[in-house]
Amino acid sequence: MRILTWHKYNYVNHVIFVIFGVWFILLGTRIIVPNLHPHVSSINQVIENFIHIFLILLVLKIYINLSKDDKRVFKWFIVTNIFFFLNDAVFYLFVYLPGNHSHISQEIYSLGKTLLNNTPFIVWLIAIIIFLSKILIRDVMSKRLFFQILPFLIGFNLIVITLFLSPVGFKVSTGTIHNLFSVSGFIIESIIFDIAILCLVYSQNRGISLILSGFIVVITGDFLITYCWMAKIEEIYGYGSLLWFLGMILILWGVLKLTYDKSYNIKLWFRSSGSIKSKVTFWAFGISAASFLLFIIIAWLFSFINKHALIALPVFIMFYSIFVVSLSVLMGKVFEVPFKQIENNIKFMLVSHDRDKIDSDFSIDEFIFLQKVIVNAFKSKEEQDLIRRKFGDYAAEVAHDIASPLNAMSIAVSNLKKRNNVEKDDIALLERAMLSVKDITNNLLANYRNLDEGIYKDLHPDSDNNVPRHILLAPLLINLIENKRIEWTNEPCNISINLSNQSNLLWAYVAPQALSRAVSNLLNNAYESLNKKERNITVTLSQIKNFFELTIKDNGRGIPQQYLEDVLLGKSLKHPGSGMGLSGAKKFLTSINGDLKISSTYEESTTISITLPIADSPIWFSSQIVCNPKTEFIILDDEPSIIMLWQRILTRYNAKGKYFSNIRDFDIWFHTNDNNDVVYLIDYDIKDSMTGMDIIHKYNLSNVYMLTNHAEEPWLQSLARNNTFKLVPKSIINYIQIIYP
């Protein structure tokens, strides 16, 4: 079947190809039929005017798409093109449309013509210098380095101009205003050539390289035109005009390329002067240009060459410079390759840790040595990381093993509470100890996961509890209230929680730490307001349309009606529990499209009502397992209590199941199993050498439900989004439904 694809039409090359074709025709006509020179120049001028208009429109389009900082620099390029156009227009006006000026005195006409003809030209040259200088100083090199290099380049060009002007004597008076402008133009154009070459050395965008080359060619053409006028040599005047036209074509090509490629960031047009490629390019060009100039000076002094041939020196120097810079850039690229190779090798070793697959094909001894040093450094780092991981594995194993005794202690505490002969203070002490141990294990596991950033950083970069994520609100409230019971052990109150059936499996999208802090402050307010013998706090969670409704009601002293608004605004009343944390909780809830309201009867009760948006169930979660009666459930979990819970659930639904507490037994079953109708229920933190994620990848499992206490952590949610398994928080296993279609 033939596949059709759409490609963006590249009009740039076609337009430039046509214009270059016209230029070559004009050049051929100028060489073959010299008598047609006036007609060739006239056609040049007409086409140049069209190019000017397109250039101004295109640079305005680029300007609109630039950043604010880049616009401050690029506006000088707009000025450049406007006065570039005015310069050509005025030239065309005086050369081809002389008109009748007999009513004006010759002196006034000559002065006006000189000023009008040269002012746009000088402004155009100055605008180019400002534009290129600002780019160099802002994006390429320091101001100090710029002004250190510039004098050497100017000296180079002064020598070239001296040699250029020496062969033929001037045929016009050197003291006229026009000649003063011409000399000034020579000097300014030599500076432009210097700066343009410097920019060309550091350019890395093809469009800007064409524009800079165009500037150089245009200046070369103007050198010839001015020289021909001053020395009255008309034979080569037409070639100067054609060079001017060629330079404009290159500038148009470059601007079209920038527009087509949408290269609207000036900083990306150039390399830094500190890069290896820039250094090699600069010095290669400098040495080559200096050597060539030295040869020309010696040849001129000892008359090895015809001095009249030096008329072509600026043209040759400028084209030679463009050619040498291009070769120097290629040379810089050759020297840049080994550094890029080492950079890529470092990135590869950071990702894969496989030193055997790195590219070690170096031809320079120093780079071979540097590569060995880097490889040895990575080897040493891997050995240190291995030690850290072993210690971390041991710490994680300890933290994991403590979980089961903690569950047993929790059951024992519940049983002790039912006995009358047990001191409540002892139970409270035991509960606080359990809470401390639980915090220690949680911190230990968290630190273990962040121990080796090279391996785990990409898995869960958002481990901070302040990061919003999907959470089950009901388990969060249950844990928070259990903590409050322990916290208030010395002065207990009756705190109860009522959860509607539908609220147990509903998700919120919120930062759990921020929400816990807000609700904790509200519970503390309620606790501090209790002033009666019977101290009650009731927490209720229900669903109203697309919102959770959480109410916290206490039978404390209440808040006087006239102070309710002040309390919500953060005003602190003199008596305890007068609204501490209310304003902060309201601000937080408002920020997540929730709300907080308060109602109170003084000396009777206070009710805080919180509404919180219910989030859509995440794609990686399902509270229902759809299967058929022949489906076999495979449970892999090292916690006996979880296996027992699944046994009760599967019995309730008359479903078949196999239970494994270690990977070894699971592996034996997997390689002998021939039933494809299987649902896998796998613990993420199984006590073994592999995580649940590793097991999925190793055995290429599908139809997997991952059981975990970390379902609300962003790194695991991200893994689930990018894979096909479902996450099942262990806190809601008892609510899972098995459905037969």
Side-chain angles (χ1 to χ4, degrees), residues 55 59 62-63 66-84 87 119-158 160-161 183-205 207-220 222-223 247 250-251 254-255 258 263-275 278-279 281-283 285-286 289 314 317-318 321-322 325 328-329:
L55 276 175
V59 297
I62 294 174
Y63 178 82
L66 293 176
S67 66
K68 187 176 180 180
D69 289 339
D70 284 347
K71 284 180 179 178
R72 296 192 186 99
V73 175
F74 197 77
K75 66 183 179 182
W76 288 103
F77 190 54
I78 297 176
V79 175
T80 294
N81 282 278
I82 291 173
F83 280 89
F84 193 12
N87 175 67
T119 300
F121 174 68
I122 297 297
V123 175
W124 169 60
L125 296 179
I126 292 173
I128 295 175
I129 291 176
I130 295 174
F131 172 61
L132 297 181
S133 300
K134 281 182 172 290
I135 287 178
L136 279 173
I137 294 173
R138 191 194 72 164
D139 299 328
V140 179
M141 60 180 62
S142 65
K143 186 183 295 185
R144 179 180 178 183
L145 180 60
F146 174 72
F147 286 108
Q148 284 177 344
I149 294 174
L150 193 59
F152 292 98
L153 295 174
I154 293 175
F156 175 87
N157 282 343
L158 287 176
V160 173
I161 292 173
V183 172
S184 301
F186 266 124
I187 295 172
I188 297 175
E189 283 179 329
S190 69
I191 295 174
I192 291 175
F193 170 73
D194 298 331
I195 300 176
I197 282 293
L198 205 54
C199 287
L200 194 59
V201 167
Y202 298 115
S203 67
Q204 63 177 357
N205 179 283
I208 196 65
S209 298
L210 288 168
I211 292 172
L212 294 168
S213 300
F215 282 151
I216 295 170
V217 174
V218 164
I219 290 170
T220 305
D222 189 64
F223 265 56
L250 292 174
I251 295 172
V255 173
L258 291 177
S263 300
Y264 300 137
N265 188 341
I266 293 179
K267 290 181 175 61
L268 299 180
W269 294 353
F270 297 91
R271 293 184 304 273
S272 167
S273 60
S275 68
S278 297
K279 295 283 187 183
T281 303
F282 176 80
W283 285 107
F285 165 74
I317 282 286
M318 291 183 179
S321 298
I322 295 173
V325 168
S328 300
V329 169

Could you point out which residue of I211, V59, L210 forms a side-chain contact (heavy atoms from CB on, under 4.5 Å) with L258? I211
Kindly state each residue pair satisfying side chain to side chain donor-acceptor pair (under 3.5 Å) with at least one member in residues 129-141, sequence neighbours excluded. D70-R138
With side chains defined as the heavy atoms from C-beta onward, is the minimum distance between L125 and F83 less than 4.5 Å? no
What heavy-atom pair brings W124 and T80 nearest, and what distance separates the two atoms? CD1-O, 3.0 Å
Quick one: CG on L268 to CD1 on I208, what's the gap to the nearest 0.5 Å? 12.0 Å
Name the orientation class of the two ring planes belonging to F74 and F131 (parallel below 30°, tilted from 30 to 60°, perpendicular beyond 60°). perpendicular
CD1-CZ distance between I82 and F84, expressed to the nearest 0.5 angstrom: 13.5 Å
Gap separating the CG atom of L198 from the CD1 atom of I135, nearest 0.5 angstrom: 12.0 Å
Within this structure, what is the CG-CD1 distance for the pair L55 and I251, rounded to the nearest 0.5 Å? 7.0 Å
Are any non-hydrogen side-chain atoms of L212 and W269 less than 4.5 angstrom apart? no
I216 to T220 - nearest heavy-atom pair and separation: O-OG1, 2.7 Å
For N265, check side-chain hydrogen bond (donor to acceptor under 3.5 Å, both in side chains) against everything at least two apart and list the hits. none
Would you mind reporting whether I62 and F77 have side-chain heavy atoms less than 4.5 Å apart? no
Of all pairs that satisfy side chain to side chain donor-acceptor pair (under 3.5 Å), the ones with a partner from residues 209-219, not counting sequence neighbours: S203-S209
Rounded to the nearest 0.5 Å, what's the gap from CD1 on I191 to CD1 on I126? Could you check? 9.5 Å
Separation between CD1 of I192 and CZ of F215, rounded to the nearest 0.5 Å: 8.0 Å
Can you name the nearest heavy-atom pair linking A127 to V79, along with the distance? CB-CG1, 3.9 Å
